[in-house]
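Remember, predicted model here, so these are calculated numbers, not experimental data. In the text below, chain A, chain B and the rest are named by the order of the sequence lines, each starting its count at 1.
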Amino acid sequence: MNRTLAIDVKNHIGEEIKLNGWVHQIRLVGKIKFVILRDRTGLVQTIVLDKNIDISNLERESAVAIFGKPKLEKQAPNGVELEVSKIEVIEKAQSPLPFEVNRASELTNVKIDSILDHRPFSLRNLELASIFRLQAEIVRAYADFMRSQGFLQIHTSKIISAGTEGGTNLFPIQYFEQKAYLAQSPQFYKQMMVGAGYERVFEIGFVYRAEDHATSRHINEYLSLDFEMGFIEDEQDVIKMEIKLLQYMFEQLKKNCAQELKMHNVELPEIKTIPQLRLSEAIKICTDKYNKKFENENDLDPEAERLICEYSKKEFASDFVFITHYPQSGRPFYTMPAEDGLTRGFDLLYKGLEVTTGSQRINNFEMLVSSMKKFGLKPEDFEFYLEIFRYGMPSHGGLAIGTERLTQQILNLKNIREACLFPRDRYRLTP
RNA sequence: GGGCUCGUAGUGUAGCUUGGUUUAACACGUCGCCCUGUCACGGCGAAGAUCGCCAGUUCAAAUCUGGUCGAGCCCGCCA
């Protein structure tokens, strides 16, 4: 017999059908027994009235086949339930279960560490599973949008010979007789592909940061949504592209993830435009309006990021805010300089957290080489990268979005690890 | 690299400040009995923890001290 999905049960009233799934809940109410079945499409209530059907040994979370006839029933959830004729246990679940998986998280209140220790099992929970359904939609919408704008999807190596952006640490790996590193960004490669003639490219791939921190917003391997575009006027073209991207993405999420958003009590706003502040203005706002003191005026610290987002929400009714005109000292060597020691680099903050870094890049060969030297890098080590800059490199720019951070902020998750299936952090290598 | 906090049944917590009537409590889960409309079902009962580990102080340690292992958070840095 073909299998029917939970979501389709209502279309088979009166027919004998087979359901497959997991035993979500068992409720014994006297001589009536309810078995709630869960499959990938959701829940469906089944009812056992025949006293010859023995379910006394049925365990929650066992994988089962349930046979029976659906009927309309006012008292059932969604008005439909299946009257059981037979239950087959495909594979029994052992007791005890690692934790209560069939309830809303606010009721089970399981700690992130227990969730991650039992990661596949934890995703039996509808609320936890919904995070990754939404994340899949974020990534799908990203790819669809980029393609619609003429971007080519590329896949570049995560095994590299040298780092791109000085500051962050690289994971060294042994590559036969050579020393190699895990890529911290596809930066060089996406720029090279712009110069190659594709003009517009995007990549969805893991990147690796050997940063020795343990916070609710850092993981050492994360999924980076990168794009790079050629023949731009300046960084504003990149910013405009990201605004259109986020508008499209939010529309798609509202349309295709209504259930997931509702499960997390999230109502996505319509993005009209996104305000911009120069870094110097942002610092002034923090100092003047919030009495914040800065030790380093090259960047906003996490507290300042939260304050500026609070300000943006109040003044512009926007959860997002771009910070622009960062000084050269805080940005990577390939960032296009602007007047007064500033750059054409920007960040995007969302609900108090940095989710994007981008910029216009240097496209002139001599300027790039001299910038490299200023940063203490040897141009001869990067010949593979520099070559294309000799042969007519267009003006260009791009950005990178942290997928898990974006997911975390959209769903108001406390910890970024909740937005990552198998997070790699300072101490965790399994599962 | 610097700082702060937490480890108590399968899960989540209380108890620790002020060591002793604690036989370590509560909720969920598990097991048994009852219940013909549950939907966070309900009622009655039961099992399940040498209080992370090691050492110390003490007549007495879940409780105080030191070490150790594990975990969470903040800062620097970053998406």
Query raised in the report: Taking atom C1' of B:rG76 as reference, at what distance in whole Å does atom CG of A:Leu300 sit?
Result: 15 Å
Query raised in the report: With rounding to whole Å, what would you report as the distance between B:rG10 and B:rG29 at their C1' atoms?
Result: 7 Å
Query raised in the report: So what does A:Arg331 hit on the nucleic acid, given a heavy-atom distance under 4.0 Å: a base, only sugar-phosphate, or nothing?
Result: nothing
Query raised in the report: What nucleic acid atoms does A:Ile219 come within less than 4.0 Å of, heavy atoms only: base, sugar-phosphate, or nothing?
Result: base
**Report entry** P-based separation of B:rG15 from B:rU22 [nearest Å]
**Finding:** 16 Å
Query raised in the report: Hey, are A:Asn57 and A:Lys92 close enough side-chain-wise for a donor-acceptor pair under 3.5 Å?
Result: no
Query raised in the report: Choosing from B:rU11, B:rA79, B:rU36, which nucleotide comes nearest the side chain of A:Ile32?
Result: B:rU36
Requested in this report: Give A:Gln25 one of three labels, base, sugar-phosphate or nothing, depending on what nucleic acid heavy atoms sit under 4.0 Å from its own.
Outcome: sugar-phosphate
**Report entry** 4.5 Å side-chain heavy-atom contact, A:Arg133 and A:Gln259
**Finding:** no
Report summary line: The nucleotide from B:rG72, B:rC78, B:rC74 with an atom nearest the side chain of A:Ser216 is B:rC74
Query raised in the report: Does the side chain of A:Thr357 get closer than 4.0 angstrom to OP1 or OP2 of B:rA79 through an N or O atom?
Result: yes
Query - Check: A:Ile271 main-chain N/O paired with A:Gln247 side-chain donor or acceptor under 3.5 Å - result: yes
Query raised in the report: Looking at B:rA79, B:rG76, B:rU38, which one has an atom nearest to any side-chain atom of A:Pro77?
Result: B:rU38
Requested in this report: Look at all strands and tell whether A:Lys111 reaches a base, only sugar-phosphate, or nothing, counting heavy atoms closer than 4.0 Å.
Outcome: sugar-phosphate
Query raised in the report: A:Arg103 CZ to B:rU30 P: how many Å, rounded?
Result: 9 Å
Query raised in the report: Which base, if any, makes a Watson-Crick or G-U wobble pair with B:rG7, both distances under 3.5 Å?
Result: B:rC69
Query - A:Gln276 side chain to A:Gln236 side chain, donor-acceptor N/O pair below 3.5 angstrom - result: yes
Query - Side chain A:Glu100 and base B:rG12 donor-acceptor under 3.5 Å - result: no
Requested in this report: Over 60° means perpendicular and under 30° means parallel, so classify the ring planes of A:Tyr350 and A:Phe320, tilted if in between.
Outcome: parallel
Query raised in the report: Base, sugar-phosphate, or nothing: which does A:Ile401 touch, judged by heavy atoms less than 4.0 Å apart?
Result: nothing
Query - Quiz item: cation-pi between A:Lys292 and A:Phe294, 6.0 Å / 45° - result: yes
Requested in this report: Counting heavy atoms from C-beta on, name the nucleotide in B:rC75, B:rG29, B:rG37 closest to the side chain of A:Phe34.
Outcome: B:rG37
Query raised in the report: What does A:Ile36 touch in the nucleic acid at a heavy-atom separation under 4.0 angstrom: a base, only the sugar-phosphate, or nothing?
Result: nothing
**Report entry** Distance, rounded to the nearest Å, where A:Asn125 contributes CG and B:rU11 contributes P
**Finding:** 16 Å
Report task. For nucleotides B:rG3 and B:rU8, find the distance between their P atoms and express it as a whole number of Å. Result -> 26 Å
Requested in this report: Would you mind telling me which residue lines up with the more 5' stretch of RNA chain B, A:Arg417 or A:Leu348, judged by nearest nucleotide?
Outcome: A:Arg417
Query raised in the report: Toward the 5' end of RNA chain B, which comes first, A:Leu58 or A:Pro98, by nearest nucleotide?
Result: A:Pro98
**Report entry** Per-pair stack call A:Phe99 and B:rG12, 5.5 Å, 30°
**Finding:** no
Report task. Look at the side chain of A:Thr215 and decide which nucleotide, out of B:rU38, B:rA79, B:rC75, has an atom nearest to it. Result -> B:rC75
**Report entry** B:rC77 versus B:rG1 - spacing of their C1' atoms, nearest Å
**Finding:** 11 Å
Query raised in the report: If you measure from the C1' atom in B:rC31 to the same atom in B:rC74, how many Å do you get, rounded?
Result: 45 Å
Query - Nucleotide opposite B:rG32 in a Watson-Crick or G-U pair, distances under 3.5 Å - result: B:rC44
Query - Atom pair distance, as rounded to whole Å: CZ in A:Arg426 and C1' in B:rG2 - result: 14 Å
Query raised in the report: Between B:rA62 and B:rU13, how far is it from one C1' atom to the other, in whole Å?
Result: 15 Å
**Report entry** A:Leu28 side-chain proximity, nearest of B:rU38, B:rC35, B:rG72
**Finding:** B:rC35
Query - Nearest listed nucleotide, side chain of A:Ser114, among B:rU38, B:rG29, B:rU11 - result: B:rU11
Requested in this report: Could you give the distance separating B:rU65 and B:rC28 at their P atoms, to the nearest angstrom?
Outcome: 35 Å
Query raised in the report: Within this structure, what is the CD-to-P distance between A:Glu305 and B:rC77, rounded to whole angstrom?
Result: 11 Å
Query raised in the report: Nearest-Å distance, NZ (A:Lys31) to P (B:rC34)?
Result: 9 Å
Query - Partner nucleotide of B:rC51 by Watson-Crick or wobble geometry (both distances under 3.5 Å) - result: none
Query raised in the report: Quick one: do the A:Tyr222 and A:Arg209 side chains pair a donor with an acceptor below 3.5 Å?
Result: yes
Query raised in the report: Does B:rG1 pair with anything, Watson-Crick or G-U wobble, both distances under 3.5 Å, and if so, with which nucleotide?
Result: B:rC75
Query raised in the report: Would a distance-only check, ignoring hydrogens and angles, find a side-chain to backbone donor-acceptor pair under 3.5 Å from A:Arg119 to A:Leu421?
Result: yes
Query raised in the report: Which whole-number value in Å describes the distance from A:Arg217 CZ to B:rG72 P?
Result: 16 Å
**Report entry** Residue A:Ile416, side-chain heavy atoms: nucleotide from B:rG10, B:rG12, B:rA79 that is nearest
**Finding:** B:rA79
Query raised in the report: Taking atom types as modelled, is there a side-chain donor on A:Glu235 or A:Thr324 under 3.5 Å from an acceptor on the other?
Result: no
Query raised in the report: Under 3.5 Å, is there a donor-acceptor pair between the A:Gln135 and A:Thr407 side chains?
Result: yes
**Report entry** Sugar-phosphate only, base, or nothing, as touched by A:Val355 at under 4.0 Å among non-hydrogen atoms
**Finding:** sugar-phosphate
Report task. Measure from OH on A:Tyr326 to C1' on B:rC77 and round the result to the nearest Å. Result -> 13 Å
Query raised in the report: How is A:Asp347 classified with respect to the nucleic acid when contacts are heavy atoms under 4.0 Å: base, sugar-phosphate, or nothing?
Result: nothing
Report task. Go through B:rG72, B:rG12, B:rG37 for me and flag the one nearest to the A:Lys71 side chain. Result -> B:rG37
Query - Separation between the C1' atoms of B:rU5 and B:rC16, rounded to whole Å - result: 15 Å
Query raised in the report: Does any N or O donor sit under 3.5 Å from an N or O acceptor when you compare the side chain of A:Glu81 with the base of B:rG37?
Result: yes
Query raised in the report: Under 3.5 Å, is there an N or O donor on one side and an acceptor on the other linking the side chain of A:Gln75 and the base of B:rU38?
Result: no
**Report entry** Nucleotide nearest A:Asp113 when distance is taken to its side chain, options B:rU36, B:rG72, B:rC78
**Finding:** B:rG72
Report summary line: The Watson-Crick or G-U wobble partner of B:rC26, with both key distances under 3.5 Å, is B:rG12
Query - Sugar-phosphate, base or nothing in reach of A:Arg428, heavy atoms under 4.0 Å - result: nothing
